[in-house]
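Worksheet for the structure shown next.
All residue numbers in this chain count up from 1 along the given sequence. Fair warning: this is a prediction, and the values are worked out from it, not measured in the lab.
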Amino acid sequence: MADHGHDLLLGSFLTPTHADPQAPVRLAVASEAAGLDLVTFQDHPYQPAFLDTWTLMSYATARTERVRLAGNVLNLPLRPPAVLARAAASLDRLSGGRVELGLGAGAFWDAIEAMGGRRLTPGQAVTALSEAIDVIRGVWDDSTRQPLRVDGTFYAVHGAKRGPSPAHPMEIWLGAYKPRMLALTGQKADGWLPSLSYLGSPQDMRDANARIDDAALAAGRRPADVRRLLNIGGTFTDRSDGGLLQGPVSQWVEQLGELVLEHGFSTLVLAGDDERALRLFGGEVGPALRELVAAHRRTSGVGA
(Lines give C-alpha, C1' and ligand atoms only; values in the text may rest on other atoms or scores of the structure.)
Protein backbone atom coordinates (compact mmCIF):
# COMPACT_ATOMS: atom_id res chain seq x y z
CA MET A 1 0.00 0.00 0.00
CA ALA A 2 1.72 3.22 -1.17
CA ASP A 3 -0.59 5.75 0.48
CA HIS A 4 0.21 5.92 4.19
CA GLY A 5 -2.70 8.25 4.98
CA HIS A 6 -0.67 11.27 6.08
CA ASP A 7 -2.34 14.67 5.94
CA LEU A 8 -1.90 16.16 2.48
CA LEU A 9 0.35 19.23 2.63
CA LEU A 10 1.37 21.67 -0.12
CA GLY A 11 4.37 23.95 -0.06
CA SER A 12 6.69 26.26 -1.97
CA PHE A 13 10.40 25.85 -2.73
CA LEU A 14 11.90 29.33 -3.07
CA THR A 15 15.23 30.75 -4.22
CA PRO A 16 16.97 32.83 -1.51
CA THR A 17 18.25 35.44 -3.96
CA HIS A 18 19.78 38.60 -2.53
CA ALA A 19 19.36 40.72 -5.70
CA ASP A 20 16.07 41.88 -4.18
CA PRO A 21 16.37 40.63 -0.59
CA GLN A 22 12.69 41.16 0.12
CA ALA A 23 11.58 39.09 -2.90
CA PRO A 24 11.83 35.66 -1.24
CA VAL A 25 10.17 37.09 1.85
CA ARG A 26 7.27 38.40 -0.25
CA LEU A 27 6.96 34.96 -1.85
CA ALA A 28 6.87 33.33 1.59
CA VAL A 29 4.05 35.68 2.61
CA ALA A 30 2.31 35.02 -0.72
CA SER A 31 2.63 31.26 -0.13
CA GLU A 32 0.79 31.61 3.14
CA ALA A 33 -1.87 33.82 1.55
CA ALA A 34 -2.35 31.21 -1.19
CA GLY A 35 -3.23 28.60 1.41
CA LEU A 36 0.00 26.63 1.29
CA ASP A 37 1.14 24.79 4.39
CA LEU A 38 4.91 24.95 4.01
CA VAL A 39 7.59 27.36 2.80
CA THR A 40 11.07 26.02 2.03
CA PHE A 41 14.27 27.62 0.79
CA GLN A 42 17.31 26.27 -1.02
CA ASP A 43 20.47 26.17 1.08
CA HIS A 44 23.78 26.78 -0.67
CA PRO A 45 25.99 28.64 1.84
CA TYR A 46 28.82 28.87 -0.70
CA GLN A 47 26.63 30.70 -3.25
CA PRO A 48 27.31 34.46 -3.03
CA ALA A 49 24.16 35.30 -5.02
CA PHE A 50 22.02 33.89 -2.20
CA LEU A 51 21.03 35.15 1.20
CA ASP A 52 21.97 32.91 4.10
CA THR A 53 19.10 30.47 4.30
CA TRP A 54 18.89 30.23 8.09
CA THR A 55 18.83 34.02 8.46
CA LEU A 56 16.17 34.23 5.76
CA MET A 57 14.08 31.54 7.45
CA SER A 58 14.21 33.46 10.71
CA TYR A 59 13.12 36.68 9.03
CA ALA A 60 10.36 34.95 7.04
CA THR A 61 9.10 33.19 10.15
CA ALA A 62 8.55 36.58 11.76
CA ARG A 63 6.65 37.80 8.69
CA THR A 64 4.26 34.83 8.58
CA GLU A 65 1.77 33.41 11.04
CA ARG A 66 0.69 29.93 10.01
CA VAL A 67 2.99 28.20 7.53
CA ARG A 68 5.77 25.85 8.52
CA LEU A 69 9.28 26.66 7.30
CA ALA A 70 12.26 24.46 6.43
CA GLY A 71 15.51 24.38 4.53
CA ASN A 72 15.28 22.29 1.39
CA VAL A 73 17.71 20.90 2.32
CA LEU A 74 20.24 22.37 4.77
CA ASN A 75 23.90 21.82 3.87
CA LEU A 76 25.13 19.75 6.81
CA PRO A 77 28.88 19.95 6.03
CA LEU A 78 28.76 23.73 6.63
CA ARG A 79 26.31 23.68 9.56
CA PRO A 80 27.65 21.88 12.67
CA PRO A 81 24.87 19.64 13.98
CA ALA A 82 25.02 20.59 17.67
CA VAL A 83 24.72 24.28 16.81
CA LEU A 84 22.09 23.58 14.16
CA ALA A 85 20.03 21.63 16.70
CA ARG A 86 19.92 24.61 19.05
CA ALA A 87 19.21 27.05 16.22
CA ALA A 88 16.31 24.92 14.95
CA ALA A 89 14.82 24.40 18.41
CA SER A 90 15.16 28.12 19.18
CA LEU A 91 13.40 29.18 15.99
CA ASP A 92 10.72 26.56 16.57
CA ARG A 93 10.04 27.99 20.02
CA LEU A 94 10.03 31.56 18.73
CA SER A 95 7.62 30.67 15.91
CA GLY A 96 5.20 28.63 18.01
CA GLY A 97 6.22 25.27 16.54
CA ARG A 98 6.44 26.04 12.82
CA VAL A 99 9.93 24.79 11.89
CA GLU A 100 10.97 21.45 10.40
CA LEU A 101 14.52 20.32 9.69
CA GLY A 102 15.46 19.28 6.16
CA LEU A 103 19.01 17.90 5.91
CA GLY A 104 21.32 16.91 3.10
CA ALA A 105 24.57 14.95 3.27
CA GLY A 106 26.34 17.49 1.06
CA ALA A 107 27.11 18.11 -2.59
CA PHE A 108 29.31 20.51 -4.58
CA TRP A 109 32.32 19.48 -2.53
CA ASP A 110 34.73 21.91 -4.22
CA ALA A 111 32.57 24.81 -3.01
CA ILE A 112 32.13 23.27 0.44
CA GLU A 113 35.88 22.80 0.80
CA ALA A 114 36.50 26.35 -0.39
CA MET A 115 34.29 27.57 2.48
CA GLY A 116 36.29 25.63 5.05
CA GLY A 117 34.21 22.45 5.08
CA ARG A 118 35.69 18.97 4.99
CA ARG A 119 35.55 17.06 1.72
CA LEU A 120 33.94 13.66 2.22
CA THR A 121 33.41 10.66 0.01
CA PRO A 122 29.77 9.67 -0.64
CA GLY A 123 30.04 6.87 1.91
CA GLN A 124 31.62 9.14 4.51
CA ALA A 125 28.92 11.76 3.95
CA VAL A 126 26.17 9.23 4.73
CA THR A 127 27.97 8.15 7.91
CA ALA A 128 28.41 11.78 8.92
CA LEU A 129 24.71 12.49 8.38
CA SER A 130 23.74 9.50 10.51
CA GLU A 131 26.00 10.74 13.31
CA ALA A 132 24.61 14.26 12.96
CA ILE A 133 21.05 12.99 13.44
CA ASP A 134 22.14 11.35 16.69
CA VAL A 135 23.72 14.61 17.85
CA ILE A 136 20.68 16.69 16.92
CA ARG A 137 18.18 14.40 18.59
CA GLY A 138 20.44 14.17 21.62
CA VAL A 139 20.63 17.95 21.99
CA TRP A 140 16.85 18.17 21.71
CA ASP A 141 16.32 15.54 24.42
CA ASP A 142 16.20 17.67 27.55
CA SER A 143 14.21 15.05 29.46
CA THR A 144 17.49 14.06 31.11
CA ARG A 145 20.24 16.10 32.75
CA GLN A 146 22.82 13.55 31.71
CA PRO A 147 25.39 15.22 29.43
CA LEU A 148 25.25 14.21 25.79
CA ARG A 149 28.01 12.04 24.42
CA VAL A 150 28.16 10.88 20.81
CA ASP A 151 31.41 9.26 19.75
CA GLY A 152 31.16 9.62 15.99
CA THR A 153 33.91 9.57 13.42
CA PHE A 154 32.84 12.87 11.86
CA TYR A 155 30.60 14.40 14.53
CA ALA A 156 31.21 13.87 18.21
CA VAL A 157 30.16 15.67 21.36
CA HIS A 158 31.78 15.02 24.72
CA GLY A 159 29.47 15.93 27.57
CA ALA A 160 27.44 18.65 25.87
CA LYS A 161 24.56 20.13 27.82
CA ARG A 162 21.16 19.36 26.35
CA GLY A 163 18.38 21.67 25.23
CA PRO A 164 16.43 23.53 24.34
CA SER A 165 13.89 21.08 22.99
CA PRO A 166 11.69 22.20 20.07
CA ALA A 167 8.20 23.54 20.74
CA HIS A 168 6.69 20.61 18.84
CA PRO A 169 7.95 17.18 17.70
CA MET A 170 10.17 18.63 14.99
CA GLU A 171 10.63 16.33 12.01
CA ILE A 172 13.92 15.57 10.29
CA TRP A 173 13.57 15.18 6.52
CA LEU A 174 16.39 13.84 4.36
CA GLY A 175 17.13 14.59 0.74
CA ALA A 176 18.07 11.07 -0.40
CA TYR A 177 18.49 9.13 -3.65
CA LYS A 178 21.16 6.44 -3.33
CA PRO A 179 20.67 3.12 -1.49
CA ARG A 180 22.56 3.97 1.71
CA MET A 181 20.83 7.33 2.05
CA LEU A 182 17.44 5.74 1.47
CA ALA A 183 18.22 3.13 4.11
CA LEU A 184 19.24 5.85 6.57
CA THR A 185 15.96 7.62 5.85
CA GLY A 186 14.03 4.51 6.82
CA GLN A 187 16.16 3.91 9.89
CA LYS A 188 16.26 7.37 11.46
CA ALA A 189 14.36 10.09 9.58
CA ASP A 190 10.81 11.39 9.82
CA GLY A 191 10.57 12.25 6.14
CA TRP A 192 12.03 11.66 2.68
CA LEU A 193 12.46 14.82 0.58
CA PRO A 194 13.66 14.16 -2.98
CA SER A 195 13.04 16.17 -6.15
CA LEU A 196 10.86 14.64 -8.85
CA SER A 197 13.31 15.65 -11.57
CA TYR A 198 15.97 13.36 -10.05
CA LEU A 199 13.81 10.32 -9.37
CA GLY A 200 13.46 8.87 -12.85
CA SER A 201 10.73 6.40 -13.73
CA PRO A 202 7.73 5.30 -11.65
CA GLN A 203 9.59 2.04 -11.04
CA ASP A 204 12.51 4.02 -9.60
CA MET A 205 10.05 5.66 -7.18
CA ARG A 206 8.67 2.28 -6.16
CA ASP A 207 12.16 0.90 -5.64
CA ALA A 208 13.22 3.87 -3.53
CA ASN A 209 10.08 3.66 -1.41
CA ALA A 210 10.69 -0.07 -0.92
CA ARG A 211 14.23 0.57 0.33
CA ILE A 212 12.90 3.06 2.86
CA ASP A 213 10.13 0.70 3.95
CA ASP A 214 12.49 -2.26 4.34
CA ALA A 215 14.96 -0.19 6.37
CA ALA A 216 12.19 1.16 8.59
CA LEU A 217 10.90 -2.35 9.31
CA ALA A 218 14.42 -3.62 10.03
CA ALA A 219 14.83 -0.78 12.55
CA GLY A 220 11.59 -1.68 14.31
CA ARG A 221 9.65 1.16 12.77
CA ARG A 222 6.61 1.34 10.51
CA PRO A 223 6.93 2.52 6.90
CA ALA A 224 4.25 5.08 7.77
CA ASP A 225 6.65 6.63 10.29
CA VAL A 226 8.42 8.22 7.31
CA ARG A 227 6.49 10.99 5.57
CA ARG A 228 7.12 11.13 1.81
CA LEU A 229 7.67 14.68 0.53
CA LEU A 230 8.40 15.66 -3.06
CA ASN A 231 9.78 18.75 -4.76
CA ILE A 232 7.95 19.26 -8.04
CA GLY A 233 8.13 21.70 -10.93
CA GLY A 234 5.80 22.55 -13.77
CA THR A 235 3.93 25.17 -15.73
CA PHE A 236 0.26 26.10 -15.65
CA THR A 237 -1.14 26.49 -19.16
CA ASP A 238 -4.62 26.58 -20.67
CA ARG A 239 -4.02 23.42 -22.67
CA SER A 240 -1.96 20.34 -21.96
CA ASP A 241 1.12 19.61 -24.05
CA GLY A 242 1.15 16.04 -22.79
CA GLY A 243 4.00 16.55 -20.34
CA LEU A 244 4.04 15.99 -16.60
CA LEU A 245 2.62 19.05 -14.81
CA GLN A 246 2.52 21.00 -18.07
CA GLY A 247 -1.11 21.99 -18.47
CA PRO A 248 -4.27 23.22 -16.76
CA VAL A 249 -5.20 22.83 -13.11
CA SER A 250 -7.26 19.71 -13.82
CA GLN A 251 -4.21 17.96 -15.27
CA TRP A 252 -2.12 18.92 -12.23
CA VAL A 253 -4.76 17.49 -9.91
CA GLU A 254 -4.90 14.20 -11.82
CA GLN A 255 -1.14 13.75 -12.05
CA LEU A 256 -0.42 14.82 -8.48
CA GLY A 257 -3.21 12.53 -7.29
CA GLU A 258 -1.32 9.62 -8.82
CA LEU A 259 1.86 10.63 -6.98
CA VAL A 260 -0.06 10.72 -3.70
CA LEU A 261 -2.16 7.59 -4.08
CA GLU A 262 0.23 5.33 -5.98
CA HIS A 263 3.61 6.49 -4.68
CA GLY A 264 2.78 7.78 -1.21
CA PHE A 265 3.92 11.40 -1.53
CA SER A 266 1.78 13.32 0.93
CA THR A 267 3.67 16.62 0.87
CA LEU A 268 4.10 18.32 -2.51
CA VAL A 269 6.45 21.30 -2.74
CA LEU A 270 6.34 23.51 -5.83
CA ALA A 271 9.72 24.83 -6.93
CA GLY A 272 9.92 28.27 -8.50
CA ASP A 273 9.42 31.93 -7.75
CA ASP A 274 6.24 32.58 -9.75
CA GLU A 275 3.61 34.12 -7.48
CA ARG A 276 0.80 33.32 -9.92
CA ALA A 277 1.80 29.65 -9.92
CA LEU A 278 1.80 29.63 -6.11
CA ARG A 279 -1.72 31.10 -6.08
CA LEU A 280 -2.99 28.47 -8.52
CA PHE A 281 -1.22 25.68 -6.65
CA GLY A 282 -2.63 26.67 -3.27
CA GLY A 283 -5.96 28.11 -4.30
CA GLU A 284 -7.10 25.78 -7.08
CA VAL A 285 -4.96 22.64 -7.18
CA GLY A 286 -4.95 22.24 -3.40
CA PRO A 287 -8.71 22.04 -2.73
CA ALA A 288 -9.39 19.78 -5.71
CA LEU A 289 -6.47 17.49 -4.91
CA ARG A 290 -7.50 17.19 -1.27
CA GLU A 291 -11.02 16.22 -2.30
CA LEU A 292 -9.72 13.64 -4.77
CA VAL A 293 -7.44 12.08 -2.15
CA ALA A 294 -10.11 12.18 0.57
CA ALA A 295 -12.64 10.47 -1.71
CA HIS A 296 -10.18 7.72 -2.57
CA ARG A 297 -9.27 7.22 1.07
CA ARG A 298 -12.94 6.96 2.06
CA THR A 299 -13.36 4.19 -0.48
CA SER A 300 -10.14 2.36 0.34
CA GLY A 301 -10.27 2.83 4.11
CA VAL A 302 -6.79 4.38 4.25
CA GLY A 303 -6.45 6.70 7.21
CA ALA A 304 -9.77 5.59 8.66
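Looking at heavy atoms from C-beta onward, L56 lies in side-chain contact with P24 at the 4.5 angstrom threshold. Taking 4.5 Å as the limit, every side-chain heavy atom of Y155 sits out of range of all side-chain heavy atoms of D134. Side-chain atoms of S195 and Y177, non-hydrogen and from C-beta on, do get closer than 4.5 Å to each other. In this structure the side chain of D43 never reaches within 4.5 angstrom of the side chain of F50, judged on heavy atoms.
In terms of modelled atom types and a separation under 3.5 Å, the side chain of R228 and the main chain of V226 share a donor-acceptor contact.
Ion pairing between a basic and an acidic side chain is recognised when a charged N comes within 4.0 Å of a carboxylate O; R298 and E291 show such pairing. Salt bridge annotation for D7-R68: absent, with no cationic side-chain nitrogen under 4.0 angstrom from a carboxylate oxygen. The pair D225-R222 meets the salt-bridge criterion, since a charged nitrogen lies less than 4.0 angstrom from a carboxylate oxygen.
Under the 3.5 Å distance criterion, with hydrogens and angles disregarded, a donor-acceptor pair is assigned to the side chains of R93 and S165. E100 and H168 form a side-chain donor-acceptor contact under 3.5 Å, judged by distance and modelled atom types alone. For the 3.5 Å distance criterion, the side chains of S240 and Q251 qualify, holding a donor opposite an acceptor. Side-chain contact check for T127 and R180: at least one donor-acceptor pair (N or O, by modelled atom type) lies under 3.5 Å.
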> When you look at L10 and R290, which way does the side-chain contact (heavy atoms from CB on, under 4.5 Å) test go after all the steps?
Replying inline: CA-CA 10 Å; L10 302 181; R290 286 189 170 95; 4.2 Å; yes
> Should I112 and N75 be marked as a side-chain contact (heavy atoms from CB on, under 4.5 Å) after you check the CA-CA gap, both sets of side-chain angles, and the distance that decides it?
Replying inline: CA-CA 9 Å; I112 290 170; N75 186 289; 3.7 Å; yes
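For E113, the CD atom sits in a packed shell: over 12 heavy atoms of surrounding residues, nucleotides or ligands are nearer than 6.0 Å. Atom CD of Q203 is surrounded by more than 12 heavy atoms from other residues, nucleotides or ligands within 6.0 Å.
Follow the hydrophobic side-chain contacts under 4.5 Å out from L14 and you reach M57 in the same cluster.
Between F265 and W192, the angle of the ring planes lies from 30° to 60°, which puts this pair in the tilted group.
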